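No hydrogens, no waters, no symmetry mates; every other heavy atom, side chains included, goes into these values. Throughout, a chain's letter reflects where its sequence line sits, starting with A, and its residues are numbered from 1. From a predicted model like this one, the values you see are computed outputs, not experimental measurements.
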Amino acid sequence: MSPAAIKSEPEEDNGFYPSPHHKNSKREYDDEEWDIKPKKKTKDKKVTEGKKAKKEEEEKWKWWEEERYTDGSKWRFLEHKGPVFAPPYEPLPGNVKFYYDGKPMKLSALAEEVATFFAKMLDHEYTTKDIFRKNFFKDWRKEMTSEEKSKITDLNKCNFSEMNEYFKAQSEARKQMSKEEKQKIKEENERLLQEYGFCIMDNHKERIGNFRIEPPGLFRGRGDHPKMGMLKRRIRPEDIIINCSKDSKHPKPPPGTKWKEVRHDNKVTWLASWTENIQGSIKYIMLNPSSRIKGEKDWQKYETARRLKKCVDRIRNQYRDDWKSKEMRIRQRAVALYFIDKLALRAGNEKEEGETADTVGCCSLRVEHIKLYPKMDDQEYVVEFDFLGKDSIRYYNKIPVEKRVFKNLQLFLENKQPEDDLFDRLNTSILNKHLQELMDGLTAKVFRTYNASITLQQQLKELTCPDDSIPAKILSYNRANRAVAILCNHQRAPPKTFEKSMQNLQTKIDEKQNQLSAARKQLKAAKADHKASHDEKSKKAVEVKRKAVQRIEEQLMKLQVQATDREENKQIALGTSKLNYLDPRISVAWCKKYGIPIEKIYNKTQREKFAWAIDMAEKDYEF
DNA sequence: TTAATCACTTAGCAACACGAGA
DNA sequence: TCTCGTGTTGCTAAGTGATTAA
């Protein structure tokens, strides 16, 4: 028995909240069941009919009907072939030259390789940035021979353009390859995938997410990253730690090399790892989202969010109460939590200064990131947020808050400099410890999941018209999805081709409109004709024309809907919320309820990731 | 208590693949 | 058959949060 039930029991506010569960014929786990055991165990079907059947079986393995590990172990058996390494460096042909100070200069292999990284990026804005150039040059020099080092002292005197053109020509040539050549490459990739892209975990063949080691290159951080341009070094077998089970066939390192270590840790899910040289962080090779190990975790995440749904009222009352606390730390905690809940802000761990771009989340907000307006237009107590969040995406929002929150913020700001922390008595660890006491498994990010999913559900209810056509319903879905993306601030750069593609679509719409008027005219003529002659033939003609008009009307509407959808989506990315925040069972239920094919909402990859939800959720599923 | 380490999720972008239309 | 545009996939950076070490 997990501590869940024990720990949360005395905290549970009233214990008689209505159950959101509908008992279906299909199984539906709720959180109480999550930590205990599944209702039934699927028989591990024995497959005796040979490989094809076995493959079929694997594809349809319903891990969500099986028992889960309760001892913290992630697997019993793990076997894989190890990672695929980046291809070795191929020196440039002799006629492709590097020039220093106007004179051709032959570089050593190592220095040349690093030079090519820069040369390949010449068209990119990065290479014009001071920090990028400085970091690159510093790391490049480390790879030079002492002779090269003494000669090459100024990046501005380096001319990489011949190299740059060579690579452009190469990629052009790749595009121009014959069908057969392309096919050959495809087959080779497929072979590699078959050999290295899968592992055996507990009797099942599972897809690996990233079995290729990241190739060397220049580090590209996001935003104003102090380390942009640094050399990301080549990873060798000697850098790799392999994780697999003792009794498996261990992966073989490439001939003449050794792994750094082979270990057998079934408390973790990764198959291989290495330490990256820019931040010194560890990178992992892990399974695909369709795998049992990722799917279970994902499912569990949504169950935790659903448990929050049951006690969120209590928690909200609690933090509203805490706005009045005598203790500063409690007030800060309560205001921060209010932002996390209301605005779906991220927790905001502190970061090491100078190591990464200057970005913040809720707990790490600084005075300079908010502005207070006692009055703004017709609203009172408005807070303006303006800061860079994850991936240096700007968060900008003006929202009216409750008077108490406003007064507290004024208090927090007293005697502080712009660069001081807004919540100086708070960090994510304090906040999460508090949340843990309010609900088992509760952390700051659960609020994002909860608010995203509940918003989708609400919006779908509000926006879907049962009598709408399928495209119109899908527009409603996308709008609901968009509401979530806006809440979570999931932005994207407007696609480079946006304007043009909008124009193209408009052209299509105009054409369709013309077509429609023409078709209508024809229908009218046919009707007149029929009225005059009253014969069978003309009656048929009317029918045919009527159908044509109808078809064109539908096509036109579809195009118009598409245009609306695209316009509204210009700067908003729907993918992130769809993949990470929205309980897929809400979408599945919606599809079932309105007869929308699931393929219209989830593509193949997404259907694989959400197979558990697609199998599990019925039309009356409630988040 | 704080800092470092580790494991894992979340994120946007660029390259790629593929089908529709020229 | 080629080109173009779009959806898909891969890549890997950048977060969160638990655990461990100092």
Taking only side-chain nitrogens and oxygens of [X], does any of them come within less than 4.0 Å of OP1 or OP2 of [N]?
| X | N | result |
| --- | --- | --- |
| A:Lys351 | C:dA14 | no |
| A:His225 | C:dA13 | no |
| A:Thr576 | B:dG12 | yes |
| A:Asn349 | C:dG15 | no |
| A:Lys604 | C:dG7 | no |
| A:Arg346 | B:dT9 | no |
| A:Thr269 | B:dC8 | yes |
| A:Thr359 | C:dG15 | yes |
| A:Asn210 | C:dC11 | no |
| A:Thr443 | C:dG17 | yes |
| A:Lys301 | B:dT10 | yes |
| A:Lys175 | C:dT3 | no |

I need the [atom1]-[atom2] distance between [X] and [N], as an integer number of Å.
| X | N | atom1 | atom2 | answer |
| --- | --- | --- | --- | --- |
| A:Glu350 | C:dG15 | CD | P | 13 Å |
| A:Glu352 | B:dT2 | CD | C1' | 13 Å |
| A:Asn288 | B:dC8 | CG | P | 16 Å |
| A:Asn189 | C:dT8 | CG | C1' | 16 Å |
| A:Leu582 | B:dT10 | CG | P | 11 Å |
| A:Lys297 | C:dG17 | NZ | P | 12 Å |
| A:Asn277 | C:dT12 | CG | P | 13 Å |
| A:Ile185 | B:dC18 | CD1 | C1' | 17 Å |

So what does [X] hit on the nucleic acid, given a heavy-atom distance under 4.0 Å: a base, only sugar-phosphate, or nothing?
| X | value |
| --- | --- |
| A:Arg207 | sugar-phosphate |
| A:Gly361 | nothing |
| A:Lys578 | nothing |
| A:Ala444 | sugar-phosphate |
| A:Lys182 | nothing |
| A:Glu276 | nothing |
| A:Pro215 | sugar-phosphate |
| A:Lys232 | sugar-phosphate |
| A:Gly209 | nothing |

Closest-nucleotide mapping onto DNA chain C: is A:Leu442 or A:Leu218 further toward the 5' terminus? I mean the 5' end.
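Nearest nucleotide further toward 5': that of A:Leu218.
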Would you kindly compare A:Gln176 and A:Phe219 by the position of their nearest DNA chain C nucleotide and give the one closer to the 5′ end?
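Here A:Gln176 is the residue nearer the 5' end.
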Considering only [options], which nucleotide approaches the side chain of [X] most closely?
| X | options | result |
| --- | --- | --- |
| A:His124 | B:dG12, C:dG15, B:dA14 | B:dA14 |
| A:Arg448 | B:dT9, B:dC18, B:dA11 | B:dA11 |
| A:Glu214 | B:dA7, B:dC13, C:dT12 | C:dT12 |
| A:Arg566 | C:dT6, B:dT9, B:dG12 | C:dT6 |
| A:Asp391 | C:dA13, B:dT9, B:dA11 | B:dA11 |
| A:Arg222 | C:dT12, B:dC8, C:dG17 | C:dT12 |
| A:Tyr284 | C:dT16, B:dG12, B:dA7 | B:dA7 |
| A:Asn580 | C:dT12, C:dT16, B:dT10 | B:dT10 |
| A:Ile393 | B:dC8, B:dC6, B:dG12 | B:dG12 |
| A:Lys445 | B:dT10, C:dA14, C:dA18 | B:dT10 |

Mark yes or no for whether A:Thr127, through its side chain, and A:Asp123, through its backbone, hold a donor-acceptor pair below 3.5 Å.
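Not at all, since once roles are kept as given, no pair shorter than 3.5 Å links the two residues.
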Please check this pair: side chain of A:Glu276 against backbone of A:Ile278, looking for a donor-acceptor N/O pair closer than 3.5 Å.
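Present.
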SB check [X] [Y] (cutoff 4.0 Å):
| X | Y | result |
| --- | --- | --- |
| A:Glu599 | A:Lys604 | no |
| A:Lys232 | A:Asp139 | no |
| A:Glu296 | A:Arg68 | no |

Which residue lies more 5' along DNA chain B, comparing A:Arg174 with A:Lys267 via nearest heavy atoms
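It is A:Lys267, whose closest nucleotide lies nearer the 5' terminus.
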Taking the nucleotide of DNA chain B with the closest heavy atom to each, which residue, A:Ser273 or A:Cys488, is nearer the 5' end?
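Taking each residue's closest nucleotide, the earlier one in sequence belongs to A:Ser273.
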So among [options], which one has a side chain to side chain contact (heavy atoms under 4.5 Å, CB included) with [X]?
| X | options | answer |
| --- | --- | --- |
| A:Met228 | A:Lys134, A:Arg220, A:Lys129 | A:Lys129 |
| A:Leu287 | A:Met201, A:Arg207, A:Arg292 | A:Met201 |
| A:Cys591 | A:Ile614, A:Ile601, A:Ile586 | A:Ile601 |

Check: A:Lys390 side chain, B:dT10 base, donor-acceptor under 3.5 Å:
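A donor-acceptor contact between them is present.
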Measure across A:Asp421 and A:Ser364 and return the closest heavy-atom pair with its distance rounded to 0.1 Å.
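For A:Asp421 and A:Ser364, the tightest heavy-atom pair comes out as OD1-O, 4.3 Å.
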